[in-house]
Amino acid sequence: MSDEATKVGVIGLGAMGAPMARNLARAGLLAAVWNRTASKSDELVAELGVVRAHDPADLARRCDLILTCVSADGDLLAVIDALLPGLSAGKIIVDTSTVQPVTAIEIAQRLEKTGCAFLDAPVSGGVEGARQGSLAIMVGGSTATLERARPVLNAIGNRIAHMGPVGNGQATKAVNQIMCAGINHAVTEALAFAEDQGLPLDKVIEVVSGGAAGNWFLEKRGPTMVRCTFAPGFKVALHYKDLAICKAIAEQRGVMLPVVELTLTQYRRLLDAGYGDEDISALYREKRKLFDKECESEAQ
Ligand code: NAP
């Protein structure tokens with residue numbers, strides 16, 4: 001697939017998919033978009049001057065490479081099935097959603113008869129990374145397919161790692177999600193503690209960010225969480241879904257992962273309280289409760 005011949009279509013224009021589509025348009029690669037909720041694709045079509053496909057199969061017919069970014073396993077499988085009537089040999093499907101490794105393998109099998117190639121290519125870097133085109137991309141699939149897709153991946157990310165066969169991209173993303181859970185606990189708990197100590201929180205974030213405990217989440221989400229502002233970002237419901245994947249993988253090995261279990265329990269409380277669409281930094285709500293403080297009033 002030569003660079004100039006590549007026509008890319010994006011399916012799923014949510015918090016991650018829309019900025020990825022914008023970067024593909026900037027690189028001159030975006031030909032068409034499709035989103036289940038049509039109003040989102042209308043906005044992007046007006047902004048970027050690309051085609052709004054009638055349905056996934058229509059998008060597949062118009063494009064050489066189809067990039068998907070939808071919520072969960074069942075959603076992705078439904079989109080793949082809807083693509084099938086429009087697929088023909090030689091096209092590439094690149095999925096950037098976070099799903100189970102076995103789902104990625106199942107998709108590769110479903111696509112086999114079409115002669116299309118598949119890469120599982122989950123991403124990390126948040127909405128900021130998606131906007132800046134600086135995502136880390138963890139790729140599973142053949143080397144040949146990755147090389148054909150690389151010019152497209154270069155438009156959305158700046159760290160592309162080939163992790164092995166289909167499924168290994170998602171297995172790597174599961175690693176990433178366990179680390180994100182641990183970091184979320186560390187940052188939200190420490191900042192709730194800092195607040196209880198009566199420390200100036202913005203200064204705490206600034207100075208700690210420059211030392212050994214500095215990290216992406218503290219820098220990007222610290223200043224908003226201490227104001228009880230939890231606009232996504234990365235939704236609690238989506239990270240819960242990812243950690244359920246990690247739990248299932250670990251259980252197959254007969255292992256219980258403490259960070260995963262604790263995070264699932266605390267996210268469950270947030271979901272039950274109606275905070276599933278907030279950013280994962282909403283875990284700060286739970287940590288503040290340890291100090292008898294609530295975020296409700298500030299959050300509204
Ligand atoms: P989001 O803002 O909630 O967007 C989800 C997208 O998926 C929307 O376009 C939605 O369409 C579409 N969708 C959901 N179910 C569908 C279905 N059954 N059929 C067709 N389309 C469907 O989520 P997001 O934050 O962009 O996340 C998307 C994926 O990227 C998830 O797998 C997530 O785990 C992963 N991810 C997210 C982040 C992050 O920081 N946000 C970072 C890395 C990876 P509608 O508009 O119609 O609802």
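Heavy atoms only: backbone and side chains are in, while hydrogens, waters and symmetry mates are out. All ligand and atom numbering here is 1-based and tracks the order in the structure.
- Of the candidates Gln177, Lys40, Met16, it is Met16 that places a heavy atom closest to atom 37 (C) of ligand 1.
- Thr103 and Asp73 share a donor-acceptor pair across their side chains, judged by distance under 3.5 Å alone.
- Counting only heavy atoms of the protein, atom 29 (C) of ligand 1 lies nearest to Val70 O, 3.3 Å.
- In the vicinity of Lys173, heavy-atom distances shorter than 4.0 Å reach the ligand 1 atoms 43 (C), 44 (C).
- Scanning the protein heavy atoms around atom 6 (C) of ligand 1, the nearest turns out to be Cys69 O, 3.8 Å.
- Heavy-atom proximity to Ser97, at under 4.0 Å, picks out these atoms of ligand 1: 32 (O).
- Ion pair Arg131/Glu128 not flagged as a salt bridge, since none of the NZ, NE, NH1 or NH2 atoms sits closer than 4.0 Å to an Asp/Glu carboxylate oxygen.
- Using a 4.0 Å cut-off to heavy atoms of Gly126, the atoms of ligand 1 that qualify are 40 (O).
- The shortest contact between atom 35 (C) of ligand 1 and any protein heavy atom is with Thr98 OG1, 3.7 Å.
- Heavy-atom proximity to Gly12, at under 4.0 Å, picks out these atoms of ligand 1: 9 (O).
- Distance alone, capped at 3.5 Å, is enough to place a donor-acceptor pair between the Asp75 side chain and the Ala72 backbone.
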Practice item. Mind running side chain to side chain contact (heavy atoms under 4.5 Å, CB included) on Ile205 and Leu191 for me, showing each step along the way? Key: CA-CA 8 Å; Ile205 292 165; Leu191 290 180; 4.0 Å; yes

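- With hydrogens left out, the protein atom closest to atom 2 (O) of ligand 1 is Ala15 N, 2.8 Å, a heavy atom.
- Both cation-pi conditions hold for Arg285 and Tyr275: the charged atom is under 6.0 angstrom from the six-membered ring centre and inside a 45 degree cone around its axis.
- Atom 1 (P) of ligand 1 has Lys235 NZ, 3.8 Å as its closest protein atom, hydrogens excluded (heavy atom only).
- Of the protein's non-hydrogen atoms, Arg36 NH2, 2.9 Å is the one closest to atom 48 (O) of ligand 1.
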Review point. Should Asn184 and Tyr267 be marked as a side-chain hydrogen bond (donor to acceptor under 3.5 Å, both in side chains) after you check the CA-CA gap, both sets of side-chain angles, and the distance that decides it?
Key: CA-CA 11 Å; Asn184 193 359; Tyr267 280 178; 3.0 Å; yes

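- With hydrogens and angles ignored, the 3.5 Å screen pairs a side-chain donor or acceptor of Ser97 with a backbone N or O of Val70.
- Between the side chains of Thr68 and Asp95, at least one donor N or O lies within less than 3.5 Å of an accepting N or O.
- Remark: Glu195 pairs with Tyr284, Arg288 by the side-chain hydrogen bond (donor to acceptor under 3.5 Å, both in side chains) rule, at least two apart or across chains.
- Here the heavy atom of the protein found nearest to atom 27 (O) of ligand 1 is Leu238 CD1, 3.5 Å.
- Polar contact check, Asp75 against ligand 1: a nitrogen or oxygen pair lies under 3.5 Å apart.
- In terms of the side chain to side chain contact (heavy atoms under 4.5 Å, CB included) criterion, residue partners of Pro165 (sequence neighbours excluded) are, by chain and number, Asn168.
- Close contacts of ligand 1 with Val79, meaning ligand atoms under 4.0 Å from a residue heavy atom, involve 19 (N), 20 (C).
- Counting only distance, with no hydrogens or angles, the side chain of Lys113 and the backbone of Arg110 share a donor-acceptor pair below 3.5 Å.
- Within the 4.0 Å heavy-atom criterion, the part of Lys241 lying near ligand 1 is the side chain and not the backbone.
- In terms of N/O distances under 3.5 Å, ligand 1 is approached by Leu13.
- Looking only at heavy atoms of the protein, atom 32 (O) of ligand 1 is closest to Ser71 O, 2.8 Å.
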